[in-house]
Amino acid sequence: MKNRNTLQRRLVLETVRRMQNHPTADEIFREIAAENTLISKATVYRNLKILSEQGEILHIPIPNGADCFDFNTVPHYHMDCRRCGRIFDVNMPYQSDLCKKVCNPEGFLIESHQIVFYGLCPKCRAVAEQQKQNKPQAG
(Lines give C-alpha, C1' and ligand atoms only; values in the text may rest on other atoms or scores of the structure.)
Protein backbone atom coordinates (compact mmCIF):
# COMPACT_ATOMS: atom_id res chain seq x y z
CA MET A 1 0.00 0.00 0.00
CA LYS A 2 2.88 2.36 0.78
CA ASN A 3 4.16 1.93 -2.77
CA ARG A 4 0.80 2.99 -4.24
CA ASN A 5 0.70 6.09 -2.02
CA THR A 6 4.20 6.97 -3.12
CA LEU A 7 3.23 6.65 -6.80
CA GLN A 8 0.10 8.73 -6.32
CA ARG A 9 2.02 11.36 -4.36
CA ARG A 10 4.63 11.57 -7.11
CA LEU A 11 1.85 11.95 -9.70
CA VAL A 12 0.33 14.83 -7.72
CA LEU A 13 3.73 16.50 -7.29
CA GLU A 14 4.60 16.16 -10.98
CA THR A 15 1.21 17.62 -11.93
CA VAL A 16 1.69 20.69 -9.71
CA ARG A 17 5.15 21.23 -11.21
CA ARG A 18 3.87 20.77 -14.76
CA MET A 19 0.93 23.17 -14.32
CA GLN A 20 3.18 25.94 -12.96
CA ASN A 21 0.35 28.46 -12.64
CA HIS A 22 -0.71 28.22 -8.99
CA PRO A 23 -3.47 25.64 -9.59
CA THR A 24 -6.26 24.90 -7.14
CA ALA A 25 -6.80 21.40 -5.76
CA ASP A 26 -9.78 20.93 -8.11
CA GLU A 27 -7.71 21.98 -11.14
CA ILE A 28 -4.98 19.53 -10.12
CA PHE A 29 -7.54 16.75 -9.68
CA ARG A 30 -9.12 17.44 -13.11
CA GLU A 31 -5.69 17.43 -14.76
CA ILE A 32 -4.80 14.07 -13.18
CA ALA A 33 -8.25 12.51 -13.70
CA ALA A 34 -8.12 13.32 -17.42
CA GLU A 35 -5.37 10.71 -17.78
CA ASN A 36 -5.80 8.56 -14.68
CA THR A 37 -9.43 7.76 -13.84
CA LEU A 38 -8.48 5.51 -10.91
CA ILE A 39 -7.33 8.35 -8.64
CA SER A 40 -9.94 9.90 -6.36
CA LYS A 41 -10.38 13.54 -5.40
CA ALA A 42 -9.78 12.59 -1.75
CA THR A 43 -6.44 11.01 -2.70
CA VAL A 44 -5.36 14.15 -4.55
CA TYR A 45 -6.40 16.40 -1.63
CA ARG A 46 -4.68 14.15 0.93
CA ASN A 47 -1.46 14.10 -1.08
CA LEU A 48 -1.51 17.89 -1.61
CA LYS A 49 -1.75 18.26 2.17
CA ILE A 50 1.13 15.83 2.76
CA LEU A 51 3.32 17.41 0.05
CA SER A 52 2.77 20.89 1.48
CA GLU A 53 3.50 19.67 5.04
CA GLN A 54 6.71 18.07 3.76
CA GLY A 55 7.75 21.29 2.04
CA GLU A 56 7.62 19.79 -1.47
CA ILE A 57 5.00 22.34 -2.60
CA LEU A 58 3.68 25.59 -1.17
CA HIS A 59 0.07 25.83 -0.01
CA ILE A 60 -1.29 29.34 -0.66
CA PRO A 61 -4.44 30.13 1.35
CA ILE A 62 -6.64 32.54 -0.62
CA PRO A 63 -9.24 34.34 1.50
CA ASN A 64 -12.64 34.34 -0.25
CA GLY A 65 -11.31 31.97 -2.94
CA ALA A 66 -9.94 28.50 -3.58
CA ASP A 67 -6.55 27.79 -2.03
CA CYS A 68 -3.74 27.30 -4.54
CA PHE A 69 -0.53 25.33 -4.71
CA ASP A 70 2.89 26.38 -5.96
CA PHE A 71 5.90 24.30 -6.97
CA ASN A 72 8.16 27.24 -5.99
CA THR A 73 8.79 26.66 -2.28
CA VAL A 74 11.17 29.59 -1.82
CA PRO A 75 9.31 32.11 0.39
CA HIS A 76 7.66 34.75 -1.81
CA TYR A 77 4.48 36.79 -2.13
CA HIS A 78 1.52 36.53 -4.48
CA MET A 79 -1.01 38.70 -6.32
CA ASP A 80 -4.65 37.66 -6.78
CA CYS A 81 -6.51 39.15 -9.76
CA ARG A 82 -9.95 40.11 -8.47
CA ARG A 83 -11.44 39.71 -11.94
CA CYS A 84 -10.08 36.40 -13.35
CA GLY A 85 -8.93 34.88 -10.05
CA ARG A 86 -5.47 33.93 -11.33
CA ILE A 87 -2.56 34.00 -8.88
CA PHE A 88 0.79 35.54 -9.83
CA ASP A 89 4.17 35.67 -8.11
CA VAL A 90 5.26 39.09 -6.82
CA ASN A 91 8.73 40.20 -7.89
CA MET A 92 9.70 41.58 -4.49
CA PRO A 93 12.21 40.40 -1.88
CA TYR A 94 10.70 38.32 0.89
CA GLN A 95 10.68 40.25 4.16
CA SER A 96 12.10 37.57 6.45
CA ASP A 97 12.23 39.90 9.47
CA LEU A 98 8.56 40.96 9.16
CA CYS A 99 7.40 38.45 11.79
CA LYS A 100 9.68 40.09 14.38
CA LYS A 101 8.07 43.48 13.72
CA VAL A 102 4.52 42.38 14.62
CA CYS A 103 3.19 43.96 17.82
CA ASN A 104 2.51 40.85 19.86
CA PRO A 105 1.44 41.56 23.48
CA GLU A 106 -0.30 38.15 23.74
CA GLY A 107 2.98 36.32 23.18
CA PHE A 108 1.81 34.46 20.05
CA LEU A 109 4.62 32.38 18.52
CA ILE A 110 4.79 33.75 14.96
CA GLU A 111 6.62 31.28 12.74
CA SER A 112 6.01 32.56 9.21
CA HIS A 113 3.78 34.73 7.04
CA GLN A 114 2.18 34.83 3.61
CA ILE A 115 0.98 37.97 1.91
CA VAL A 116 -1.45 38.13 -1.00
CA PHE A 117 -1.92 41.42 -2.84
CA TYR A 118 -5.21 42.05 -4.67
CA GLY A 119 -5.85 43.94 -7.88
CA LEU A 120 -6.08 43.44 -11.63
CA CYS A 121 -3.68 41.45 -13.80
CA PRO A 122 -2.53 43.18 -17.00
CA LYS A 123 -5.12 41.37 -19.18
CA CYS A 124 -8.04 42.18 -16.90
CA ARG A 125 -6.83 45.75 -16.42
CA ALA A 126 -6.79 46.25 -20.22
CA VAL A 127 -10.32 44.82 -20.50
CA ALA A 128 -11.56 47.09 -17.69
CA GLU A 129 -9.97 50.16 -19.29
CA GLN A 130 -11.47 49.25 -22.68
CA GLN A 131 -14.92 48.85 -21.14
CA LYS A 132 -14.52 52.19 -19.37
CA GLN A 133 -13.67 53.88 -22.69
CA ASN A 134 -16.62 52.27 -24.50
CA LYS A 135 -19.14 53.20 -21.81
CA PRO A 136 -21.47 56.01 -23.02
CA GLN A 137 -21.11 59.27 -21.12
CA ALA A 138 -24.20 60.42 -19.20
CA GLY A 139 -25.44 63.90 -19.69
Side-chain angles (χ1 to χ4, degrees):
M1 191 64 156
K2 183 177 189 247
N3 204 15
R4 178 182 170 127
N5 287 338
T6 303
L7 291 173
Q8 292 170 333
R9 193 163 304 134
R10 188 170 53 227
L11 177 62
V12 171
L13 178 61
E14 289 170 1
T15 302
V16 173
R17 285 188 176 146
R18 185 176 66 245
M19 293 180 79
Q20 294 188 7
N21 60 352
H22 305 91
T24 65
D26 282 342
E27 290 169 337
I28 295 164
F29 169 71
R30 284 194 301 270
E31 181 81 11
I32 293 171
E35 296 178 12
N36 186 340
T37 57
L38 298 178
I39 196 164
S40 71
K41 189 179 269 194
T43 298
V44 171
Y45 278 60
R46 182 175 55 255
N47 280 288
L48 286 169
K49 183 177 191 294
I50 291 168
L51 288 165
S52 63
E53 288 171 350
Q54 291 175 342
E56 295 288 325
I57 60 174
L58 183 63
H59 172 229
I60 309 165
I62 303 295
N64 303 318
D67 290 0
C68 297
F69 296 88
D70 195 346
F71 71 97
N72 179 5
T73 58
V74 175
H76 62 286
Y77 302 117
H78 295 93
M79 293 179 276
D80 180 0
C81 179
R82 65 176 166 80
R83 187 178 195 129
C84 69
R86 289 184 52 216
I87 304 297
F88 300 84
D89 289 335
V90 174
N91 186 12
M92 173 181 139
Y94 185 78
Q95 307 295 312
S96 57
D97 64 337
L98 187 60
C99 293
K100 296 175 190 164
K101 295 180 180 181
V102 174
C103 180
N104 187 7
E106 295 84 13
F108 193 93
L109 176 60
I110 301 173
E111 299 172 329
S112 67
H113 69 278
Q114 288 194 26
I115 296 176
V116 178
F117 298 94
Y118 299 92
L120 291 173
C121 71
K123 263 188 193 174
C124 290
R125 182 177 174 194
V127 169
E129 288 173 2
Q130 186 66 40
Q131 288 173 340
K132 191 186 250 185
Q133 291 173 0
N134 293 341
K135 192 174 184 182
Q137 298 291 328

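All values below were derived from every heavy atom in this structure, side-chain atoms included, with hydrogens, water molecules and symmetry-related copies excluded.
- Within the 4.5 Å cutoff, the side chain of Ile60 has heavy atoms near those of the Gln114 side chain.
- Ala25 and Val44 make their closest contact through O-CG1, 4.3 Å (heavy atoms, listed as atom of the first residue, atom of the second, distance).
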N/O donor-acceptor pairs under 3.5 Å from side chains in residues 65-72, not counting sequence neighbours:
{"from": "Asp67", "atom 1": "OD1", "to": "Ile62", "atom 2": "N", "distance (Å)": "3.1"}
{"from": "Asp67", "atom 1": "OD2", "to": "His59", "atom 2": "NE2", "distance (Å)": "2.8"}
{"from": "Asp70", "atom 1": "OD1", "to": "Asn72", "atom 2": "N", "distance (Å)": "3.0"}
{"from": "Asp70", "atom 1": "OD2", "to": "His22", "atom 2": "NE2", "distance (Å)": "3.0"}
{"from": "Asp70", "atom 1": "OD2", "to": "His76", "atom 2": "NE2", "distance (Å)": "2.9"}
{"from": "Asp70", "atom 1": "OD2", "to": "His78", "atom 2": "NE2", "distance (Å)": "3.2"}
{"from": "Asn72", "atom 1": "OD1", "to": "Val74", "atom 2": "N", "distance (Å)": "3.1"}

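- Hydrophobic clustering (side-chain heavy atoms under 4.5 Å, transitive across Ile, Leu, Val, Met, Phe, Trp, Tyr) keeps Ile87 apart from Val16.
- Ionic pairing of Arg18 and Glu31 is present here: one or more N-O contacts between side-chain nitrogen and carboxylate oxygen are shorter than 4.0 angstrom.
- No chain of hydrophobic side-chain contacts below 4.5 Å, direct or via other Ile, Leu, Val, Met, Phe, Trp or Tyr residues, connects Leu58 to Ile50.
- Contacts of Tyr94 classified as ring-ring contact (aromatic ring centres under 6.0 Å, His included), with partners at least two apart in sequence or in another chain: Tyr77, His113.
- Every residue two or more places apart in sequence or in another chain was checked for a salt bridge (charged side-chain N to carboxylate O under 4.0 Å, His left out) with Arg46, and none qualifies.
- Tyr45 and Leu51 are members of different hydrophobic clusters when ILVMFWY side chains are connected at heavy-atom separations under 4.5 Å.
- The side-chain contact (heavy atoms from CB on, under 4.5 Å) test applied to Tyr118 returns Pro63, Asp80, Val116, not counting sequence neighbours.
- Under the 4.0 Å criterion applied to side-chain N and carboxylate O atoms, Lys49 and Glu53 are assigned as salt-bridge partners.
- Hydrophobic clustering of Ile, Leu, Val, Met, Phe, Trp and Tyr side chains at less than 4.5 Å, counting indirect connections, unites Met19 with Phe29.
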Carefully, step by step, assess Asn134 and Gln130 under the rule side chain to side chain contact (heavy atoms under 4.5 Å, CB included). CA-CA 6 Å; Asn134 293 341; Gln130 186 66 40; 3.3 Å; yes
Are Glu14 and Arg9 close enough, and set up right, to give a side chain to side chain contact (heavy atoms under 4.5 Å, CB included), and what steps lead you there? CA-CA 9 Å; Glu14 289 170 1; Arg9 193 163 304 134; over 6 Å; no
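- Annotation: side chain to side chain donor-acceptor pair (under 3.5 Å) contacts of Arg125 (sequence neighbours excluded): Glu129.
- Surrounding CG of Asn91 are at most 12 heavy atoms belonging to other residues, nucleotides or ligands under 6.0 Å away.
- No side-chain heavy atom of Thr24 sits less than 4.5 Å from a side-chain heavy atom of Ile28.
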Side chain to side chain contact (heavy atoms under 4.5 Å, CB included) between Glu56 and Arg10: does it pass, once the steps are laid out? CA-CA 10 Å; Glu56 295 288 325; Arg10 188 170 53 227; over 6 Å; no
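- In this structure Val127 satisfies the side-chain contact (heavy atoms from CB on, under 4.5 Å) test together with Arg83, Gln131, sequence neighbours excluded.
- A 4.5 Å side-chain heavy-atom check between Ile115 and Leu98 finds at least one atom pair inside the cut-off.
- Atoms CD and OG1, from Gln8 and Thr43 in turn, are 5.0 Å apart once rounded to the nearest 0.5 Å.
- Atom SG of residue Cys103 and atom CZ of residue Phe108 lie 14.0 Å apart, to the nearest 0.5 angstrom.
- Side-chain atoms of Thr15 come within 3.5 Å of backbone N or O of Leu11 as a donor-acceptor pair.
- In this structure, CD in Glu35 is found 14.5 Å from CZ in Arg30, a value given to the nearest 0.5 Å.
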Run the numbers on Arg82 and Leu120 for side chain to side chain contact (heavy atoms under 4.5 Å, CB included), then give the verdict. CA-CA 6 Å; Arg82 65 176 166 80; Leu120 291 173; 3.4 Å; yes
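- Here the CG-CG distance, from Asn36 to Leu7, works out to 10.5 Å after rounding to the nearest 0.5 Å.
- Side-chain contact check for Ser96 versus Pro75: every heavy-atom pair is 4.5 Å or farther apart.
- Side-chain heavy atoms closer than 4.5 Å link hydrophobic residues (I, L, V, M, F, W, Y) into clusters, and following such links, possibly through other members, connects Ile39 to Leu13.
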